[in-house]
> 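Following this message is one structure expressed as structure tokens.
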Amino acid sequence: MTLDDLEAVVAARAGAAPSESWTAQLLAKGPEKCAEKFGEEAIEAVIEAVKGDRDALASEAADVLFHLLVMLRSRDVPLSAVMEVLSARQAQSGLSEKASRKD
Ligand SMILES: N=c1c2ncn([C@@H]3O[C@H](COP(=O)(O)OP(=O)(O)OP(=O)(O)O)[C@@H](O)[C@H]3O)c2ncn1[C@@H]1O[C@H](COP(=O)(O)O)[C@@H](O)[C@H]1O
């Protein structure tokens with residue numbers, strides 16, 4: 001499964017009955033709740049990374065990616081927009097990008 005596949009799953013389930021779909025249920029609660037859930041999953045992944053539990057980290061990272069796509073959907077941000085930002089960054093090292101900031 002690719003991230004594009006998972007984004008398509010989220011899109012397909014967005015229109016389902018909330019009683020029958022976690023995706024639809026979470027989206028129906030609104031973008032703030034989707035963001036809150038993403039944050040929860042991200043923290044769970046941090047905990048597993050700190051503990052060094054590789055299998056648990058893989059599982060929590062899957063939750064993070066899924067809930068990231070739900071959060072993006074809740075704000076009508078397509079994955080392609082995120083990938084365009086990442087592509088634009090390829091021209092420059094992260095270190096030189098940070099050094100070039102004026103603030
Ligand atoms: N990838 C996922 C996916 N990852 C996590 N989740 C759900 O996200 C919810 C997370 O809630 P919880 O925090 O209570 O569960 P948890 O984080 O595992 O447990 P805690 O440690 O937080 O207690 C659970 O119900 C998970 O099943 C997901 N729900 C759906 N998908 C995908 O979306 C498809 C459609 O799912 P529905 O929208 O439910 O039809 C599925 O077939 C999957 O492909």
Side-chain angles (χ1 to χ4, degrees):
M1 174 178 267
T2 67
L3 278 179
D4 286 328
D5 294 339
L6 192 56
E7 183 184 40
V9 166
V10 170
R13 299 299 288 158
S19 59
E20 296 170 4
S21 160
W22 170 257
T23 309
Q25 191 173 117
L26 191 49
L27 285 168
K29 291 178 179 176
E32 293 81 5
K33 186 64 184 174
C34 293
E36 178 186 326
K37 191 65 194 165
F38 170 76
E40 287 174 11
E41 300 300 342
I43 289 169
E44 290 174 22
V46 165
I47 290 166
E48 296 306 339
V50 169
K51 285 163 54 179
D53 184 332
R54 297 175 69 247
D55 291 340
L57 176 56
S59 178
E60 294 297 348
D63 285 353
V64 168
L65 289 178
F66 173 74
H67 287 93
L68 172 64
L69 290 170
V70 172
M71 180 174 64
L72 289 173
R73 169 98 188 175
S74 76
R75 286 295 191 194
D76 297 319
V77 175
L79 177 60
S80 58
V82 178
M83 301 318 289
E84 282 168 23
V85 171
L86 288 168
S87 296
R89 289 177 181 174
Q90 274 191 308
Q92 186 178 25
S93 147
L95 293 178
S96 62
E97 182 280 325
K98 187 171 175 71
S100 70
R101 292 182 203 166
K102 299 293 182 283
D103 52 3

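All ligand and atom numbering here is 1-based and tracks the order in the structure. Start at 1 with the first residue, then count along the sequence. Since we're looking at a predicted model, the values are computed, not measured.
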> Between Phe66 and ligand 1, which residue portion shows a heavy-atom distance shorter than 4.0 Å: side chain, backbone, both, or neither?
side chain
> Using heavy atoms and a threshold below 4.0 Å, how should the contact between Lys37 and ligand 1 be classified: side chain, backbone, both, or neither?
side chain
> Show, in sequence, the C-alpha distance, side-chain angles and deciding distance for Val70 and Lys37, and conclude whether the side-chain contact (heavy atoms from CB on, under 4.5 Å) test is met.
CA-CA 9 Å; Val70 172; Lys37 191 65 194 165; over 6 Å; no
> Among protein heavy atoms, which lies nearest atom 5 (C) of ligand 1, and at what distance?
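It is Asp63 OD1, 3.3 Å.
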> For Ser87 and Met83, indicate whether the former's side chain and the latter's backbone hold a donor-acceptor pair under 3.5 Å.
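Side chain of Ser87 to backbone of Met83: a pair is present.
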> So, for atom 21 (O) of ligand 1, does the protein have a heavy atom nearer than 4.0 Å?
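So atom 21 (O) of ligand 1 has protein heavy-atom neighbours under 4.0 Å.
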> Under 4.5 Å between any side-chain heavy atoms of Leu26 and His67, yes or no?
yes
> Identify the protein heavy atom lying closest to atom 35 (C) of ligand 1, giving its residue, its atom name and the separation to 0.1 Å.
Arg13 CG, 3.7 Å
> Can you check atom 32 (C) of ligand 1: any protein non-hydrogen atom closer than 4.0 Å?
yes
> Just by modelled atom types, is the Glu60 backbone N or O under 3.5 Å from a matching donor or acceptor in the Asp63 side chain?
no
> I need the atoms of ligand 1 closer than 4.0 Å to a non-hydrogen atom of His67, numbered in the order shown.
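Counting atoms of ligand 1 from 1, those under 4.0 Å from His67 are 5 (C), 8 (O).
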> Is atom 27 (O) of ligand 1 in close reach of the protein, with a heavy atom under 4.0 Å away?
no
> Give the residue, atom name and distance (to 0.1 Å) of the protein heavy atom nearest atom 19 (O) of ligand 1.
Glu44 OE1, 4.7 Å
> Heavy atoms only: give me the nearest Val64-Glu41 pair and the separation to one decimal.
CG2-O, 3.3 Å
> Does some side-chain heavy atom of Gln92 sit less than 4.5 Å from a side-chain heavy atom of Ser100?
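When only atoms from C-beta onward are counted, Gln92 and Ser100 do touch, with a gap below 4.5 Å.
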> Is atom 24 (C) of ligand 1 near the protein, in the sense that some protein heavy atom lies at less than 4.0 Å from it?
no
> Just which atoms of ligand 1 are under 4.0 Å from any heavy atom in Glu41?
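Selected atoms, number and element: 10 (C), 13 (O), 17 (O).
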> For Arg89 and Leu86, run side-chain contact (heavy atoms from CB on, under 4.5 Å): C-alpha distance rounded to whole Å, both residues' side-chain angles, the deciding distance at 0.1 Å, then the answer.
CA-CA 5 Å; Arg89 289 177 181 174; Leu86 288 168; 4.0 Å; yes
> Which part of Val9 is near ligand 1, with near meaning a heavy atom under 4.0 Å away: side chain, backbone, both or neither?
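It is the side chain that gets close, since no backbone atom is under 4.0 Å.
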> Is there a donor-acceptor pair closer than 3.5 Å between any side-chain N or O of Ser74 and the backbone N or O of Met71?
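Looks like yes, one N/O pair under 3.5 Å.
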> Give the atoms of ligand 1, by number and element, whose distance to some non-hydrogen atom of Ser21 is under 4.0 Å.
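Once the distances to Ser21 are compared, the set is 37 (P), 38 (O), 39 (O), 40 (O).
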> Please name the pair of heavy atoms, one in Arg73 and one in Ala11, separated by the smallest distance, quoted to 0.1 Å.
NH1-CB, 3.3 Å
> Around atom 9 (C) of ligand 1, find the nearest protein heavy atom and jot down its residue, atom name and distance.
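Here the nearest protein heavy atom works out to Trp22 CE2, 3.5 Å.
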> Answer yes or no for atom 39 (O) of ligand 1: protein heavy atom present at a distance under 4.0 Å?
yes
> State, with a plain yes or no, whether a side-chain heavy atom of Cys34 is found less than 4.5 Å away from one of Arg75.
no
> Applying a strict under-4.5 Å side-chain criterion to I, L, V, M, F, W and Y, I'd like to know whether Leu3 and Met1 cluster together.
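Yes, because Leu3 and Met1 connect within a single hydrophobic cluster, where side-chain heavy atoms sit under 4.5 Å apart.
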> Using protein heavy atoms only, decide if any is under 4.0 Å from atom 43 (C) of ligand 1.
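Within 4.0 Å of atom 43 (C) of ligand 1, no protein heavy atoms are found.
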> Of the protein's non-hydrogen atoms, which lies at the shortest distance from atom 36 (O) of ligand 1, and what is that distance?
Thr23 OG1, 4.0 Å
> Can a protein heavy atom be found under 4.0 Å away from atom 3 (C) of ligand 1?
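Yes; the ligand atom in question has protein heavy-atom contact below 4.0 Å.
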